[in-house]
Amino acid sequence: MAFFKCAAALVLSVLCFSPATNAAPGAGKADPCAKFAGQQFVVPADALACLKSFPFNETLRQNVLTNIARVFDFFTFEEFYLNSPPPFQESTTNIRADIARINRTKFATDYNFNRAVYDFTTQLNDGHTRWFPDCYTSFQNLLPAPIVTLEENGVQGVFVAPDSVEFISLVGADYLAHFEQIGFNWQRLAGAKVLEIEGQDPFAYADHIASTESGNYLDHGVRVNSVFSSYRISGSDFSQRFGDIAGPAFPDRNTLTLKLLPVNSTTAETVKVPYLANYIGAPFTNQASFWAVNCAANDETNGVDLRPPRSAARVKTPKRARAVIIDKTPANGVGLPDPFIPRVPPVNGSTGVIKSFILPDNQTGVMFVGSFEGDFNQFQTDTLAAVQQFQASGVTRLLIDLTNNGGGFVCLGQFLHQFLVGSQIGYPGFVSTSRANPLAQRIVKADIAQGNNDFITFYSPDNWAFLNDTEMPLTFDYNDPSLPFKINGVNDPTSQRFHDVCTPFAVPIPETPPFDLKNVAIVNNGNCASTCSMFSTLMFERHQTKIAVFGGNPGEQIEYKGMAGNQVLEWSDLDTEIKTAGVKDDPLAPPDLLVSGNMRHNWRTAWSFLDENVPIAYKSELPQFRFAYTKDTYNDPQNLWEFAASKLF
Ligand SMILES: *[C@@H]1O[C@H](CO)[C@@H](O)[C@H](O)[C@H]1NC(C)=O
Ligand SMILES: *[C@@H]1O[C@H](CO)[C@@H](O)[C@H](O)[C@H]1NC(C)=O
Ligand SMILES: *[C@@H]1O[C@H](CO)[C@@H](O)[C@H](O)[C@H]1NC(C)=O
Ligand SMILES: *[C@@H]1O[C@H](CO)[C@@H](O)[C@H](O)[C@H]1NC(C)=O
Ligand SMILES: *[C@@H]1O[C@H](CO)[C@@H](O)[C@H](O)[C@H]1NC(C)=O
Ligand SMILES: *[C@@H]1O[C@H](CO)[C@@H](O)[C@H](O)[C@H]1NC(C)=O
């Protein structure tokens with residue numbers, strides 16, 4: 001089943017499917033956006049012409065760069081980038097020099113400026129710390145030949161996904177009609193062995209995209225897996241991700257040149273495969289309305305002052321910390337083709353982000369934890385329901401699949417850890433800090449002075465507990481005195497160290513582990529971000545849980561955790577902290593954005609359980625097991641789980 005944002009918007013607007021009647025009167029041929037208004041799919045050149053039609057504007061550059069420069073003051077890992085420790089050297093950069101470079105570069109268009117900021121932040125390879133200009137992230141370019149890496153006869157190679165016909169057919173009738181119309185037979189490419197991409201060895205090309213476009217994960221090996229197509233849970237549905245080669249974020253390639261051997265052929269041929277861009281922005285009619293709905297700042301762009309009386313009406317529960325990457329692709333997620341959805345029936349507690357099964361061996365329970373997002377309490381009741389059914393069915397081993405888990409609520413990672421190991425473990429999370437920069441210190445003092453609490457701010461002391469797990473009183477200034485910290489020769493003081501406050505949980509925690517921890521194992525593709533990384537790192541560092549990573553470049557190592565920040569603040573979250581503390585007049589406060597965009601950042605560090613001077617993000621930890629995907633497992637979770645159970649237990 002395909003579910004596109006544009007299709008979903010159908011009830012709200014007819015713009016998606018009736019272009020003719022909605023074209024703005026007078027919007028002539030010269031309007032590069034009006035040309036495809038109302039269409040879900042657009043040839044990349046047309047999409048790019050619209051994006052590049054907005055002139056460079058110095059006022060907007062100064063606004064965006066001043067905003068992001070001041071947001072970076074809060075980014076916990078800024079100084080690590082000056083000399084990123086191995087094996088993460090690829091991310092090394094001087095962030096302030098990058099901002100200065102972009103400040104003095106001449107840009108032809110507003111797109112080019114925003115693309116430079118996007119590329120610079122994406123290549124920090126920290127999914128929590130990126131610039132998303134909504135104007136220019138309004139397409140996804142889609143290739144009807146998703147690329148995968150598979151082992152065949154003991155050798156790993158690159159292939160067009162063998163399930164391309166089933167998968168691409170789900171993208172939608174308008175997508176298929178385009179290739180029919182231009183007479184391009186993409187169906188015959190399914191399963192072809194790829195010999196070269198853009199004239200390069202296919203693994204070298206995968207490395208290139210991993211280095212320049214994928215972002216999100218500090219580890220290069222993990223990013224290599226992002227470039228390939230893979231299964232996932234998107235929202236609460238089984239889905240297949242295109243991968244960054246076949247589904248890049250910008251419509252800036254018209255074709256991808258593949259040298260390949262079609263199935264059953266012995267003759268190599270070179271094929272230029274056309275991309276077609278999927279519009280995922282809001283409905284518009286012409287260039288002016290494209291700007292209005294996608295690019296101009298709106299009510300959600302900047303933060304709000306949540307102090308009473310406003311909070312009384314708006315705020316009913318404490319704020320919940322989140323650690324999650326933004327993958328724009330779930331917005332237009334394509335379903336996993338039916339034949340590859342697990343054949344064993346789901347057990348109780350499988351309607352949300354977790355899908356649980358008992359494998360045909362009747363001994364192995366599987367929890368596919370798609371994310372730590374969704375309904376906060378349901379995640380917990382679903383875990384309880386699945387484990388109860390596993391136990392009632394005599395299951396003795398637990399396999400947890402974290403493939404493409406982008407993270408979510410920090411406390412749900414701690415919950416799952418605690419539930420699986422039992423309450424006797426004590427505090428189930430990491431020791432944490434934020435940066436104690438001068439504005440952060442002023443915010444905490446202002447929150448304390450005004451009695452702001454955890455219903456309206458993340459900085460107020462009652463969000464955190466001392467290391468003995470007593471919640472901090474509302475008057476405790478954990479940022480003054482700060483703690484000294486030095487990295488790469490730079491003094492970078494942090495807050496005092498604290499714990500998260502996640503208890504009480506919504507379901508009772510078993511006293512002892514529901515399954516012998518020796519019989520618990522994790523599989524993933526390394527694309528395990530934020531809360532997912534914290535969960536897998538807790539299981540690995542504290543219980544030596546077996547972890548197997550699939551895929552990657554066979555010649556390169558791969559970490560089991562992708563990106564392990566502790567808590568992300570979206571720009572609007574940080575701005576809400578500043579406004580609610582009443583310190584927006586501070587010269588260090590970032591200005592409100594004039595455009596619709598989000599400079600998010602990693603706001604807290606989680607310190608390794610094994611070495612409390614090293615953030616888990618920078619603690620290199622390789623999985624104990626590494627396996628190649630095969631044509632039977634790359635898109636078929638049940639086959640992968642049965643294979644993993646045979647190897648790990
Ligand atoms: C640049 O953007 C600002 C802010 O939106 C706007 O007021 C100004 O008119 C723009 N300048 C030009 C030359 O379009
Ligand atoms: C960009 O450079 C100009 C000229 O040197 C300077 O006035 C401005 O403050 C700089 N902007 C940022 C965001 O650094
Ligand atoms: C390839 O050859 C096998 C064996 O002859 C056949 O079953 C299969 O249908 C062929 N596939 C294609 C795509 O031609
Ligand atoms: C698993 O249980 C089912 C239902 O009780 C039974 O039909 C099947 O034979 C069992 N499989 C194994 C491998 O024991
Ligand atoms: C599954 O859930 C149903 C409905 O809540 C419950 O009646 C049943 O006992 C549960 N099954 C198991 C095996 O836990
Ligand atoms: C926990 O630690 C804090 C700070 O050191 C201290 O003030 C508090 O009394 C301690 N609470 C308990 C119950 O030990």
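Atoms within each ligand, like the ligands themselves, are counted from 1 in listed order.
For a threshold of 3.5 Å applied to N or O pairs, the pair formed by Asn362 and ligand 4 contains at least one separation below that value.
Phe376 and Phe409 have perpendicular rings, their planes meeting at more than 60° on a 0 to 90° scale where under 30° would count as parallel.
Residue pairs meeting the ring-ring contact (aromatic ring centres under 6.0 Å, His included) criterion with at least one member in residues 93-112, sequence neighbours excluded, are Phe107-Phe113, Tyr111-Tyr136.
No side-chain donor from either of Trp607 and Asn566 sits under 3.5 Å from a side-chain acceptor of the other. Residues Tyr81 and Asp98 have side chains that never bring a donor and an acceptor to within less than 3.5 angstrom of each other. In this model, a donor atom of one side chain and an acceptor atom of the other lie less than 3.5 Å apart for Thr122 and Arg130. There is a side-chain donor-acceptor pair under 3.5 Å between Ser91 and Asn125.
A donor-acceptor pair is defined here as one N or O able to donate and one able to accept, closer than 3.5 Å; such a pair exists between the side chain of Glu577 and the backbone of Tyr459.
Around ligand 2, the residues contributing at least one heavy atom under 4.0 Å from the ligand are Gln62, Leu65, Thr66, Asn103.
Applying the 4.0 Å criterion to heavy atoms of Pro360 picks out, from ligand 4, the atoms 11 (N), 12 (C), 13 (C).
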